[in-house]
Amino acid sequence: MRGPMSVELALEELLDSRVADVFTKDELREKLARSERERRPLRVKLGVDPTAPDIHLGHAVVLRKMRAFQDLGHTGVLIIGDYTAMVGDPSGKNKTRPQLSYDEIEQNAATYKEQVFKILDPERTEIVLNGEWFRKLAFADVLRLASRFTVARLLERDDFEKRLAKQQPISLHEVMYPVMQAYDSVMVRADVELGATEQTFNILMGRQLQEQMGQERQIGLLVPILTGICGTVRMSKSIGNYIGIAESPQEMFGKTMSIPDRLLAEYLRLATDYRPDEVERLERALADGSANPRDVKFQMAKRIVAMYHGEESSELAASDFERVFKRKEAPREMPVIGLSSKDLKEGKIWIAKLLRLANAASSNSNALGLVRQGAVSIDGAPVDAGRPDVAVKSGMTLKVGKRRFFRIEITNDTSD
RNA sequence: GGGGAGAUACCCAAGCGGUCAAAGGGGGCAGGCUGUAAACCUGUUGGCGUAGCCUUCGGGGGUUCGAAUCCUCCUCUCCCCA
């Protein structure tokens with residue numbers, strides 16, 4: 001149990017640390033105080049779309065904020081937008097999203113639930129699918145709901161404004177998205193809605209609708225958007241510039257080390273659990289040159305991996321990293337490519353086939369391209385594009401590019 | 001309802017009868033240099049056991065020895081007018 005002082009501190013962090021905006025802070029303080037008085041936990045809502053199920057460090061920022069509320073005794077209400085996923089949130093998009101099939105959505109939702117408790121407290125989490133209420137609405141209900149919003153107001157969203165300016169299409173169903181999200185807030189009686197800054201508009205709509213429908217309006221708490229590891233645009237699964245919280249320690253470590261230096265401060269602040277004063281100290285050291293960015297990044301990578309895999313795995317990932325990139329050796333453990341003796345002709349295999357079995361190339365053409373560029377080696381010897389049939393034995397190491405390693409295992413298959 | 005513009009690969013965009021698997025840029029991947037950073041240089045970026053062949057330029061049909069390019073119908077998008 002926390003003492004009174006640490007509650008004070010936790011509150012301060014809740015409102016300020018990794019927060020971009022709160023509307024409004026005063027209202028939130030009041031709600032928190034009242035919740036304390038009445039011993040009624042706040043209902044803290046977060047809506048997620050089960051479109052790309054893997055949770056990454058970008059999602060983690062907001063999920064960890066929810067966790068912070070839970071640690072103070074409040075209830076996290078996680079809405080899986082199975083129904084809204086059929087629409088696709090236009091936020092930050094410059095084009096219409098593809099609508100998913102129901103099967104895909106269900107599968108994604110399952111993966112999501114699986115990963116989310118790496119961060120959230122299961123004891124204080126409610127998970128609901130918004131199809132629960134949307135499925136039941138009749139068209140007349142939808143019209144009544146829609147009548148509470150004006151087109152002018154909905155088109156004020158900057159993504160819509162931009163698209164209009166660029167003469168790009170906006171579908172009617174996309175305009176409904178904020179309406180649906182607002183309705184979610186009403187249905188779960190949210191006290192607080194969390195989201196990244198791009199959610200500002202949607203969350204404000206929820207506030208408005210709740211008031212119109214006789215509820216106290218929710219507080220919006222916005223967290224900053226994390227830039228992806230490419231360093232240019234937001235972290236996103238579909239772009240592929242992400243670090244997933246369910247990825248292997250080695251992957252996480254490596255990806256963290258590959259971010260551009262200029263993202264260091266941002267990642268220290270948003271992606272780690274360093275205390276604000278620690279972040280500040282590191283930022284200062286980077287700015288005045290007393291710390292080497294590479295070393296800070298190394299520390300940070302260890303921290304991030306530890307957050308999701310524990311200290312031990314983190315240390316191992318760090319030492320594997322040193323081993324591979326400093327000493328140019330193979331990692332201790334690597335994925336195995338299982339070959340059967342049937343795959344071989346006189347002990348040899350076509351390199352393209354080998355790469356495809358390893359899932360290291362998307363096609364034979366792609367594989368042979370890699371070989372031509374000298375990216376492929378076996379036991380340290382580059383594969384010659386002119387001699388694409390390579391002799392392999394169990395225990396040999398296949399290396400593709402700078403960082404992908406595989407161990408070859410051959411089983412004697414004489415079944416036919 | 002009327003008039004106009006448009007749809008080309010992951011994205012932007014050129015091409016407007018053969019020399020087009022399709023310029024250029026971006027992005028991705030790979031190589032060099034590094035710290036799996038940045039910047040820079042180079043290569044590569046539809047598929048196929050690959051000096052050859054197959055499929056691709058919104059979709060169908062046609063003209064032609066030959067079509068991303070011409071004709072025709074369809075689908076979709078944007079703009080202006082009502």
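Labels below follow one simple rule: chain letters A, B, ... track the order of the sequence lines, proteins then strands, and each chain is numbered from 1.
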Write down the distance between NZ (A/Lys328) and P (B/rG31), rounded to a whole number of angstrom.
11 Å
We want to know whether A/Asp288 and A/Ser290 form a side-chain donor-acceptor pair, criterion being a heavy-atom distance below 3.5 angstrom.
yes
What residues, two or more places apart in sequence or in another chain, satisfy ring-ring contact (aromatic ring centres under 6.0 Å, His included) together with A/Phe117?
none
Under the rule for side chain to side chain contact (heavy atoms under 4.5 Å, CB included), what residues qualify as partners of A/Arg294, not counting sequence neighbours?
A/Met257, A/Asn292, A/Phe298, A/Phe321, A/Glu322, A/Lys326
My understanding is that a pair needs two contacts under 3.5 Å, Watson-Crick or G-U wobble. By that rule, which nucleotide pairs with B/rG1?
B/rC81
Listed partners of A/Tyr242 passing ring-ring contact (aromatic ring centres under 6.0 Å, His included), at least two apart
none
Would you mind telling me which of B/rU36, B/rA38, B/rG35 lies closest to the side-chain atoms of A/Pro293?
B/rG35
With a 3.5 angstrom cut-off on both distances, give the Watson-Crick or G-U wobble partner of B/rA13, or none if there isn't one.
none
Are any protein N/O atoms closer than 3.5 Å to N/O atoms in nucleotides 50-59 of chain B? If there are, list each pair with its distance.
| unit_1 | atom_1 | unit_2 | atom_2 | d |
| --- | --- | --- | --- | --- |
| B/rU50 | O4 | A/Ser365 | N | 3.3 |

Of A/Gly374 and A/Ser258, the one whose closest RNA chain B nucleotide lies more 5'
A/Gly374
From NZ of A/Lys297 over to P of B/rA37, roughly how many Å is that when rounded to an integer?
7 Å
Donor-acceptor list for residues 372-390 of chain A side chains, cut-off 3.5 Å, not counting sequence neighbours:
| unit_1 | atom_1 | unit_2 | atom_2 | d |
| --- | --- | --- | --- | --- |
| A/Asp379 | OD1 | A/Thr397 | N | 2.9 |
| A/Asp384 | OD1 | A/Gly386 | N | 2.8 |

Between the base of B/rG35 and the side chain of A/Asp261, is there a donor-acceptor distance below 3.5 Å?
yes
For A/Asn366 and A/Arg356: C-alpha separation, side-chain torsions, deciding distance, then whether side chain to side chain donor-acceptor pair (under 3.5 Å) applies.
CA-CA 9 Å; A/Asn366 176 221; A/Arg356 297 203 64 180; over 6 Å; no
Send over the distance from A/Asn292 CG to B/rA37 P, rounded to a whole Å.
13 Å
A/Glu278: what forms a side-chain hydrogen bond (donor to acceptor under 3.5 Å, both in side chains) with it, not counting sequence neighbours?
A/Arg281
What does B/rA30 pair with, Watson-Crick or G-U, if both distances are under 3.5 Å?
B/rU42
Under a 4.0 Å N-O cut-off, is there an ion pair linking A/Lys162 with A/Asp159?
no
Could you identify the nucleotide paired to B/rU75, looking across every strand shown and requiring Watson-Crick or G-U wobble geometry with both distances under 3.5 Å?
B/rA7
In whole angstrom, give me the gap between the P atoms of B/rA82 and B/rC71.
32 Å
Quick one: list whatever passes ring-ring contact (aromatic ring centres under 6.0 Å, His included) with A/Phe134, sequence neighbours left out.
A/Tyr83, A/Tyr183
Pair listing, side-chain hydrogen bond (donor to acceptor under 3.5 Å, both in side chains) test, anchored in residues 113-135 of chain A, at least two apart
A/Arg43-A/Glu126, A/Asp54-A/Gln115, A/Gln70-A/Thr125, A/Thr84-A/Asn130, A/Asn130-A/Asp184, A/Trp133-A/Asp184
B/rG62 versus B/rG31 - spacing of their P atoms, nearest Å
49 Å
With sequence neighbours excluded, what pairs up with A/Glu161 under the salt bridge (charged side-chain N to carboxylate O under 4.0 Å, His left out) test?
none
Distances under 3.5 Å only, N/O to N/O: pair up the protein atoms with those of nucleotides 41-43 of chain B.
| unit_1 | atom_1 | unit_2 | atom_2 | d |
| --- | --- | --- | --- | --- |
| B/rG43 | N2 | A/Gln373 | OE1 | 3.0 |
| B/rG43 | N2 | A/Gln373 | NE2 | 3.1 |
| B/rG43 | N3 | A/Gln373 | OE1 | 2.8 |

At under 4.0 Å, does any side-chain N or O of A/Arg262 touch on OP1 or OP2 of B/rA39?
no
Pick the closest RNA chain B nucleotide for A/Phe325 and for A/Val400 by heavy atoms, then say which residue is nearer the 5' end.
A/Val400
Rounded interatomic separation in angstrom, taking CZ from A/Arg163 and P from B/rC79
13 Å
If we take the P atom in both B/rA9 and B/rA23, what is their distance in whole Å?
13 Å
Distances under 3.5 Å between nitrogen or oxygen atoms of protein and nucleotides 74-78 of chain B:
| unit_1 | atom_1 | unit_2 | atom_2 | d |
| --- | --- | --- | --- | --- |
| B/rC78 | O2' | A/Gln167 | OE1 | 2.9 |

Keeping to residues at least two apart or across chains, list the side-chain hydrogen bond (donor to acceptor under 3.5 Å, both in side chains) pairs with something in residues 251-273 of chain A.
A/Thr227-A/Glu266, A/Glu247-A/Lys255, A/Asp261-A/Lys297, A/Asp273-A/Arg303
